[in-house]
Amino acid sequence: MEAIVLGFDSLMVDGSHLPFKDNISHTKYISFLAHSKGMLVEAELGRLSGTEDGLTVEDYEAKLTDVNQAEEFIDETDIDALAVCIGNVHGKYPSSGPNLKLDLLKDLHALSSKKGVLLVLHGASGLSAELIKGCIERGVRKFNVNTEVRKAYMDSLSRPKSDLIHLMASAKEAMKAVVAEKMRLFGSSGKA
């Protein structure tokens with residue numbers, strides 16, 4: 001609600017922890033309010049495992065996005081972008097690596113493109129360039145890579161600097177380097 005009042009351009013509604021019908025109601029309400037202010041709305045359907053902002057979702061609680069539910073969700077909520085779960089995780093991937101369901105992503109893209117809704121992939125930190133390319137080919141238009149940006153910041157803090165000003169500048173530059181590299185990888189450099 002604060003983001004709507006402050007006039008942001010977009011917002012992310014995360015009702016993925018709610019039962020499906022409650023997620024629809026919650027998202028529909030926020031979407032209506034946000035659209036009345038001209039904001040774009042991203043919402044999440046499915047549930048990613050991993051850790052984000054101190055909250056851990058165990059593997060057994062994770063839930064892939066269901067295509068049939070996605071269609072109802074999009075129709076009922078009038079969202080602009082849908083964050084999906086195709087095996088992506090918040091935080092770090094296990095040592096076995098990511099196990100993305102690209103066939104599911106292809107089906108979700110067929111649906112979302114028909115409905116005029118963009119696809120988003122949370123938990124994209126640590127994905128290979130090949131997987132990123134495969135996701136782009138299957139309709140993903142936004143990737144969240146917070147874990148890699150935070151890691152760059154923390155890693156830079158461990159390198160000695162002469163004072164706090166240099167330390168903070170170094171951390172900021174480390175994050176900017178990751179963001180620039182990701183923008184090139186995602187094909188979004190020079191498009192803003």
Side-chain angles (χ1 to χ4, degrees), residues 1 3 10-34 40-128 130-151 182 186:
M1 296 306 294
S10 64
L11 62 81
M12 168 35 186
V13 183
D14 186 1
S16 63
H17 60 286
L18 299 170
F20 179 63
K21 292 293 185 184
D22 293 344
N23 189 359
I24 287 176
S25 298
H26 174 70
T27 302
K28 184 176 184 175
Y29 174 68
I30 299 298
S31 182
F32 172 77
L33 294 175
L40 295 174
V41 178
E42 174 184 329
E44 190 167 335
L45 185 61
R47 186 144 165 120
L48 277 65
S49 64
T51 301
E52 177 184 45
D53 299 329
L55 175 67
T56 298
V57 175
E58 300 297 338
D59 290 342
Y60 64 86
E61 295 176 40
K63 185 172 187 267
L64 297 177
T65 302
D66 177 273
V67 177
N68 294 322
Q69 283 188 338
E71 183 167 21
E72 181 180 351
F73 190 79
I74 290 168
D75 289 344
E76 291 291 324
T77 61
D78 195 32
I79 57 171
D80 304 293
L82 179 65
V84 296
C85 181
I86 58 165
N88 41 315
V89 303
H90 284 133
K92 294 181 181 179
Y93 282 91
S95 58
S96 58
N99 182 19
L100 301 186
K101 312 293 186 231
L102 296 179
D103 288 344
L104 173 57
L105 182 57
K106 182 179 176 184
D107 293 343
L108 289 164
H109 179 239
L111 168 69
S112 67
S113 61
K114 198 169 52 173
K115 302 282 186 180
V117 170
L118 302 172
L119 289 181
V120 178
L121 197 67
H122 295 184
S125 287
L127 296 181
S128 69
E130 181 181 324
L131 271 176
I132 294 292
K133 182 179 177 191
C135 290
I136 291 170
E137 289 169 354
R138 290 165 181 85
V140 174
R141 296 297 173 255
K142 177 181 172 248
F143 295 90
N144 288 14
V145 291
N146 185 44
T147 298
E148 287 183 79
V149 174
R150 284 183 181 196
K151 183 179 181 325
K182 291 300 178 183
F186 303 152

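- Ring planes of Phe186 and Phe143: parallel class, angle under 30° (limits at 30 and 60°).
- Under the 4.5 Å side-chain criterion, counting only non-hydrogen atoms from C-beta, Pro19 is not in contact with Lys21.
- Inter-residue side-chain proximity for Ile79 and Val13 is flagged as unmet; no heavy-atom pair is nearer than 4.5 Å.
- With rounding to the nearest 0.5 Å, the separation of CG in Leu127 from CG in Leu100 is 5.5 Å.
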Checking Glu137 against His109 for the side chain to side chain contact (heavy atoms under 4.5 Å, CB included) test, could you report, in this order, the C-alpha distance in whole Å, the side-chain angles of both residues, the deciding distance, and whether it holds? CA-CA 10 Å; Glu137 289 169 354; His109 179 239; over 6 Å; no
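- You'll find the side chain of Leu102 stays beyond 4.5 Å of the side chain of Lys106, heavy atoms only.
- Between atom CD of residue Glu71 and atom CG of residue Asp107 there is a gap of 12.0 Å, rounded to the nearest 0.5 Å.
- Residue His122 is tested with Asn146, Asn144, Val145 for a side chain to side chain contact (heavy atoms under 4.5 Å, CB included); the sole match is Asn144.
- Ser31 OG to Leu11 CG: the interatomic distance, rounded to the nearest 0.5 Å, is 8.5 Å.
- Looking only at side-chain heavy atoms (C-beta outward), Leu82 and Ser112 stay at 4.5 Å or farther from each other.
- Of the inter-residue distances, the one linking Glu44 atom CD with Phe73 atom CZ reads 9.0 Å to the nearest 0.5 angstrom.
- Note that the OG1 atom of Thr77 and the CD atom of Glu72 stand 10.0 Å from one another [nearest 0.5 Å].
- Put simply, the side chain of Arg141 reaches to within 4.5 Å of the side chain of Ile136, judged on heavy atoms.
- Formation of a donor-acceptor pair under 3.5 Å by the Thr65 side chain with backbone atoms of Leu45 is found in this model.
- Rounded to the nearest 0.5 angstrom, Asp14 CG and Asn23 CG are separated by 7.5 Å.
- Between the side chain of Asn88 and the backbone N or O of Ile86 there is at least one donor-acceptor pair closer than 3.5 Å.
- At distances below 3.5 Å, not a single donor-acceptor pair connects side-chain atoms of Arg138 with backbone N or O atoms of Lys133.
- Residues Glu76 and Thr27 have side chains not in contact (no heavy-atom distance under 4.5 Å, counting atoms from C-beta outward).
- Looking at heavy atoms from C-beta onward, Lys142 lies out of side-chain contact with Leu118 at the 4.5 angstrom threshold.
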